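Have a look at the structure below before the remarks.
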Amino acid sequence: QFYSETEAKLFLQFYEQTAQVVFNQFMEASWNYVTNITKPNREEMLNKEMERSQFTLYFGTRARLFNIHHFQDPVVKRMLSKLQNIDKAALPKDELLEYNKLLAYMETAYSMGQVCMSEGPCVTLESDLEEIMATSRDEKELMWAWQGWHDAVGRQLRPIFGRYVYLSNKAANLNGYDDMGDMWRAVYESETLEDDLEDLFEELKPLYLNLHAYVRRSLYRHYGPDIIDLRGPIPAHLLGNMWAQSWVKILDLVLPYPKKPPEDITKIMKGQHWKPDKMFQEADTFFTSLGLISIPNEFWKNSMLEKPTDGREVECHASAWNFYKDNDFRIKKCTEVTIEDLLSIFHQMGHIQYFLQYQNHSILFRAGANPAFQEAIGLVISLSASSHKYLLNRGLLSHQHQDPEEEINFMMGIALEKIAFIPFSYLVDLFRWRVFDGTIQKDVYNQEWWNLRLKYQGLCPPIPRSEEDFDPGAKFHVSANVPYIRYFLSLLLQFQFHEALCKASGHSGPLHHCNIYNSKIAGDILENVLKLGSSRPWPEVLKKLTGKSKVSSKALMTYFKPLLNWLVNENVQQGEVLGWPDFTCSFEGRN
Ligand SMILES: O=C(CCC(O)(O)[C@H](Cc1ccccc1)NC(=O)c1ccccc1)N[C@@H](Cc1ccccc1)C(=O)O
Ligand SMILES: [Zn+2]
């Protein structure tokens with residue numbers, strides 16, 4: 001029987017009231033688990049997950065009874081269509097329980113992952129192994145850390161990932177999607193998403209290839225011809241990061257003008273006795289300087305801002321939490337006092353600011369305009385926070401480094417974070433979409449992963465890999481079933497937002513000099529976007545902010561134009577080959 005629009009509105013009100021309670025209980029149980037990984041907490045989390053799924057199933061099946069095509073009110077239509085996707089709750093109960101146990105197992109395998117020395121202590125990812133990957137310049141030590149982590153975690157996921165794919169796809173089918181990749185992509189409400197992404201990647205490729213060639217030359221100078229082939233891919237363990245997704249930690253090896261090294265801000269922070277609390281205060285101050293909402297007191301009481309020292313096992317990968325209950329918003333992060341962590345805190349606080357801004361919306365609209373918007377907010381602020389103007393003003397630099405050579409050094413630092421990230425943030429879901437749609441079968445997961453790592457990032461594994469390994473599983477988001485394309489899109493959006501907010505706040509001069517700190521105009525524009533949550537289609541929200549409704553690489557290219565000119569000139573002078581025509585991964589030079 002057809003239900004009227006009026007009945008739909010009553011139905012949605014009933015959903016509102018009950019959803020807050022169910023969601024809150026689920027979030028509490030999840031939080032208790034990831035901040036204290038024990039068997040009882042895991043059981044409780046699984047129970048609350050089942051309850052939430054029953055709730056979603058109840059409302060989702062009823063929402064499907066409404067024929068929304070006849071409805072007038074666009075808000076009611078949008079709410080009901082969101083309710084109709086019930087994700088994994090569509091699975092039969094026994095398979096849902098199996099799926100939830102699989103997900104918990106994969107995420108916990110990652111969070112508890114560690115590498116043990118032949119005799120003596122074991123080391124964890126955050127922050128022992130990440131510290132080695134960032135600071136060691138000894139190729140053998142880097143290989144030990146890289147292989148240790150990838151073997152320890154990836155190999156645990158290998159035997160069950162196929163089952164995870166099967167159940168994911170079954171859930172997607174039960175929601176009317178071809179496969180889980182199809183369901184993940186649907187959130188962007190665009191038929192041309194995949195083509196648009198490929199076009200954007202092609203536009204950015206020259207920038208990446210020039211950075212790749214330049215960095216390869218620097219690594220060649222340090223590690224020599226046995227390890228680096230100037231016409232080939234770069235071994236993945238030499239780039240300062242476990243996944244080679246950010247190369248900022250090898251800035252010292254690649255600095256364009258080594259006679260003008262940038263100040264070590266981590267050293268300055270430690271010298272000024274910065275503590276994690278102060279780092280979070282710093283980020284909060286930035287948001288309030290824009291006229292945005294300050295984090296509530298509950299945040300300080302309820303968050304986990306440092307890795308516990310009481311022996312508790314925790315999931316260290318940072319995340320922001322909405323408890324759907326009176327101002328209860330938290331961040332879980334194993335904070336270290338470093339400039340990287342300060343910028344990462346801006347990222348997490350961007351999530352919190354979105355929660356704060358849309359908290360009075362219907363629960364169905366308490367999300368980013370799309371997942372990339374959620375990721376981009378904090379990044380936009382951290383672009384300003386990385387500027388010399390801001391750092392000088394906050395006492396984190398002793399003087400403005402503005403001569404042309406220092407400028408290039410500065411932009412290189414930003415490029416090692418942002419440009420290096422382009423291909424990685426693109427390929428992670430390229431891989432998973434193909435796993436979900438069956439293009440990549442489970443007997444070739446690992447070699448297909450490395451085919452993509454070669455094709456898009458120009459990387460090789462440091463040692464030969466086999467199908468006993470499952471290297472994509474060594475990345476948090478793959479083990480935690482978190483989509484990744486949001487980060488590729490947020491990379492572009494952050495520069496579009498930055499350019500628009502800088503313009504609105506009256507900034508003139510190069511985009512990389514802009515710092516929107518204290519700009520109420522910029523804050524006002526941001527507030528109007530964040531308050532909308534996911535209540536309006538994201539192209540409309542993007543147009544409100546930037547005047548354009550499409551994701552574009554233009555602003556990013558503008559920001560890095562001076563550096564690209566320098567890189568092209570440098571690479572031409574060195575006679576670099578762009579790309580990796582010697583495409584085989586050579587492992588000789590290894591005894
Ligand atoms: O994973 C993160 C940061 C964690 C997060 O804030 O994106 C977190 C990921 C997560 C963790 C557990 C469950 C789901 C997602 N996302 C959030 O905390 C979050 C996301 C959306 C809404 C609310 C909170 N960054 C990515 C990409 C990145 C971002 C920025 C700079 C560098 C790298 C990475 O490290 O590879
Ligand atoms: Zn995030």
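From a predicted model like this one, the values you see are computed outputs, not experimental measurements. Note that ligands are numbered from 1 as they come in the structure, with each ligand's atoms numbered from 1 the same way.
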Within the 4.0 Å heavy-atom cut-off, what Leu379 brings close to ligand 1 is side chain
### Query
Has Ala480 got any heavy atom lying under 4.0 angstrom from an atom of ligand 1?
no
Checking heavy atoms under 4.0 Å, the part of Phe488 that sits near ligand 1 is neither
When you measure from the side chain of Tyr208 to the backbone of Gln457, do you find a donor-acceptor pair of N or O atoms at a distance under 3.5 Å? yes
Would Ser319 count as being in polar contact with ligand 1, using the rule that some N or O on each side must be under 3.5 angstrom apart? no
Honestly, for Trp243 the part within reach of ligand 1 (heavy atoms, under 4.0 Å) is neither
### Task
Examine Gln348 against ligand 1 and note whether any of their N/O atoms are separated by less than 3.5 Å.
yes
Side-chain ion pair, Arg394 and Glu282, N-O less than 4.0 Å = yes
**Study point:** Residue pair Asp471 / Trp450, side-chain donor-acceptor N/O under 3.5 Å
**Key:** yes
With heavy atoms and a 4.0 Å threshold, my read on which part of Phe355 contacts ligand 1 is side chain
Open item on the list: Does ligand 1 come near enough to Glu375 that some N or O of the ligand is less than 3.5 Å from an N or O of the residue?
Closed with: yes
Q. Within the distance-only criterion (no hydrogens, no angle test), does the side chain of Asp341 pair as donor or acceptor with the backbone N or O of Thr335 below 3.5 angstrom?
A. no
The protein heavy atom nearest to atom 9 (C) of ligand 1 is Tyr487 OH, 3.5 Å
Honestly, for Tyr354 the part within reach of ligand 1 (heavy atoms, under 4.0 Å) is neither
So the angle subtended at the Zn ion (ligand 2) by Glu375 atom OE1 and His351 atom NE2, rounded to 10 degrees, is 100°
Distance-only, no hydrogens or angles: does the Ser382 side chain make a donor-acceptor pair with backbone N or O of Leu343 under 3.5 Å?
no
- If you measure every N/O of His351 against every N/O of ligand 1, is any gap under 3.5 Å? yes
Going by the 4.0 angstrom heavy-atom rule, the piece of Ala318 near ligand 1 is backbone
Exactly one of His347, Glu375, Lys418 clears side-chain hydrogen bond (donor to acceptor under 3.5 Å, both in side chains) with Gln494, and that residue is Lys418
Report task. May I ask you to check whether Arg486 has an N/O atom sitting below 3.5 Å from an N/O atom of ligand 1? Result -> no
Query raised in the report: Taking the six-membered ring where the residue is Trp, are the ring centres of Tyr517 and Tyr390 under 6.0 Å apart?
Result: yes
